[in-house]
Amino acid sequence: VFVDMMIGRRRFKPTWWAIALTAGGVSLCVALGLWQLDRAALKESIELKFEQRLGEQYQAFSAGDALDDIEYRKLLLQGVYDNTRHLLVDNQLHRGTAGYYVLTPLKLNDSDDLILVNRGWVAWGESREALPSIPPATSAGGVAGIANYPNEPALRLGGMNLSERWPRLIPYIDIEALQSQFSGRLLPVVLWLAPEQSGAFVRDWNPVWMKPEKSRAYATQWFAFALIALVFFVILNLRKIE
């Protein structure tokens, strides 16, 4: 379908390829803008759930308890840390600085079940070959923290290649892949160690890595790109009548 119309003293008659190119570009920009708005809404719901459950009291958790509906709940666990099997989650950013998350398994009392406790963030050292020193964790009086389901990585490049030495460097948390490294059953949840618990690592827990406001800003940009494309489409296809 071709367009041929008069706008003032100019003729608007775009070519078919200009129409197709503009339609495709505008559709893509609008779709990306709507996607960012959906992401903003999802992040808001996650943050709301996180903030609501932060206001709750710590609840005791032991082996055999149900794992459904415990995400972001404040839990108090009794067990013993295995300080011989630390894990370091690589390429974690904190305020623009790269580092690791330090995970230490906790064996729950009266069970062979284990839960990985994220003790916080530590910066990379001067050399990538020299891993940070990890002081032993103590569990006297119980281990308090926030339950979190590990996120699936956005991109997996092959399997998880584990080193032979401890602490083991891992690219992301994959409970199934890590199970072979432990004799007990790894629970499919990670405990974010509470800031008031002893330890030397940075703990600034946030359930989303980017605020909803930033997603809305990206959505606004995509909608602006769509509008700009339409404006240029009109301007570039107007011809002055001689």
Side-chain angles (χ1 to χ4, degrees), residues 29-78 87 89-104 106 108 113 115-122 142-156 170-176 186-199 201-226:
C29 290
V30 170
L32 290 172
L34 293 174
W35 175 65
Q36 287 291 352
L37 289 179
D38 287 342
R39 285 173 57 83
L42 175 62
K43 291 172 186 177
E44 272 191 337
S45 66
I46 292 174
E47 284 191 331
L48 180 61
K49 182 179 180 180
F50 182 70
E51 291 172 1
Q52 286 177 339
R53 295 192 169 183
L54 278 184
E56 299 175 355
Q57 298 295 318
Y58 282 101
Q59 61 185 53
F61 179 86
S62 58
D65 287 355
L67 295 175
D68 56 328
D69 197 35
I70 67 165
E71 188 172 33
Y72 307 136
R73 291 201 182 278
K74 296 164 66 175
L75 305 180
L76 180 62
L77 288 72
Q78 303 294 332
L87 297 168
V89 187
D90 202 1
N91 294 309
Q92 301 302 310
L93 293 178
H94 178 72
R95 298 181 180 177
T97 302
Y100 313 96
Y101 277 140
V102 180
L103 274 60
T104 302
L106 179 76
L108 301 181
D113 288 349
I115 186 170
L116 293 177
V117 178
N118 189 336
R119 297 167 58 191
W121 177 91
V122 61
V143 178
I146 301 170
N148 174 59
Y149 296 123
N151 292 326
E152 288 289 329
L155 179 63
R156 297 193 186 209
I170 59 175
Y172 47 81
I173 302 174
D174 186 330
I175 298 297
E176 291 184 5
L186 271 183
L187 297 181
V189 65
V190 172
L191 190 75
W192 288 344
L193 191 62
E196 60 267 22
Q197 294 272 292
S198 61
F201 305 115
V202 178
R203 293 171 218 148
D204 185 15
W205 306 124
N206 196 319
V208 295
W209 68 275
M210 185 186 294
K211 292 293 185 181
E213 292 77 13
K214 186 160 287 189
S215 290
R216 289 197 189 91
Y218 287 147
T220 301
Q221 288 180 350
W222 284 117
F223 292 143
F225 290 153

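Both backbone and side-chain heavy atoms feed into the values below; hydrogens, waters and symmetry mates do not.
The line from CG of N118 to CZ of F201 is 10.0 Å long, rounded to the nearest 0.5 Å. Residue R119 holds its CZ atom at 9.5 Å from CG of L103, rounded to the nearest 0.5 Å. Residue Y149 holds its OH atom at 4.5 Å from CD1 of I70, rounded to the nearest 0.5 Å. Rounded to the nearest 0.5 Å, atoms CG (L193) and CG (L106) are 10.0 Å apart.
A 4.5 Å side-chain heavy-atom check between F50 and I146 finds at least one atom pair inside the cut-off. Proximity of Q197 to R203: side-chain heavy atoms (C-beta onward) are separated by under 4.5 Å at one or more points. Residues L187 and L108 are in side-chain contact: their nearest non-hydrogen atoms beyond the backbone lie under 4.5 Å apart.
Under the side-chain hydrogen bond (donor to acceptor under 3.5 Å, both in side chains) criterion, Y101 pairs with no residue at all, not counting sequence neighbours.
Ring planes of W192 and W205: parallel class, angle under 30° (limits at 30 and 60°).
Summarising the geometry of A147 relative to L191, their closest heavy-atom pair is N-CD1, 4.1 Å, with the distance given to 0.1 Å. Of all heavy-atom pairs between A60 and D65, the closest is O-OD2, 4.0 Å. Here the closest non-hydrogen pair linking F225 and C29 is CB-SG, 3.8 Å. Residues Y58 and A144 come closest through the heavy atom pair CE2-CB, 3.7 Å. Closest approach of P212 and K43 over heavy atoms only: CG-CB, 3.8 Å. Across all their heavy atoms, V190 and P150 have their closest contact at CG2-CG, 3.6 Å.
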After noting the C-alpha distance and the side-chain angles of Y100 and V89, does the key distance pass the side chain to side chain contact (heavy atoms under 4.5 Å, CB included) rule?
CA-CA 5 Å; Y100 313 96; V89 187; 5.9 Å; no

Given L67 and F61, is the side chain to side chain contact (heavy atoms under 4.5 Å, CB included) satisfied, shown in steps?
CA-CA 10 Å; L67 295 175; F61 179 86; 3.6 Å; yes

I'd like to know whether I175 forms a side chain to side chain contact (heavy atoms under 4.5 Å, CB included) with L116, so could you lay out the CA-CA distance, the side-chain angles of the two residues, the decisive distance to 0.1 Å, and finally the verdict.
CA-CA 9 Å; I175 298 297; L116 293 177; 4.1 Å; yes

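Counting non-hydrogen atoms of neighbouring residues, nucleotides and ligands closer than 6.0 angstrom, the CD atom of E176 reaches no more than 12 such neighbours. For K214, the NZ atom sits in a loose shell: 12 or fewer heavy atoms of surrounding residues, nucleotides or ligands are nearer than 6.0 Å.
Under a cutoff of 6.0 Å and an axis angle of 45°, R39 and W35 form a cation-pi pair.
Residue pairs meeting the side chain to side chain donor-acceptor pair (under 3.5 Å) criterion with at least one member in residues 69-78, sequence neighbours excluded, are R53-D69, E56-R73, D69-R73.
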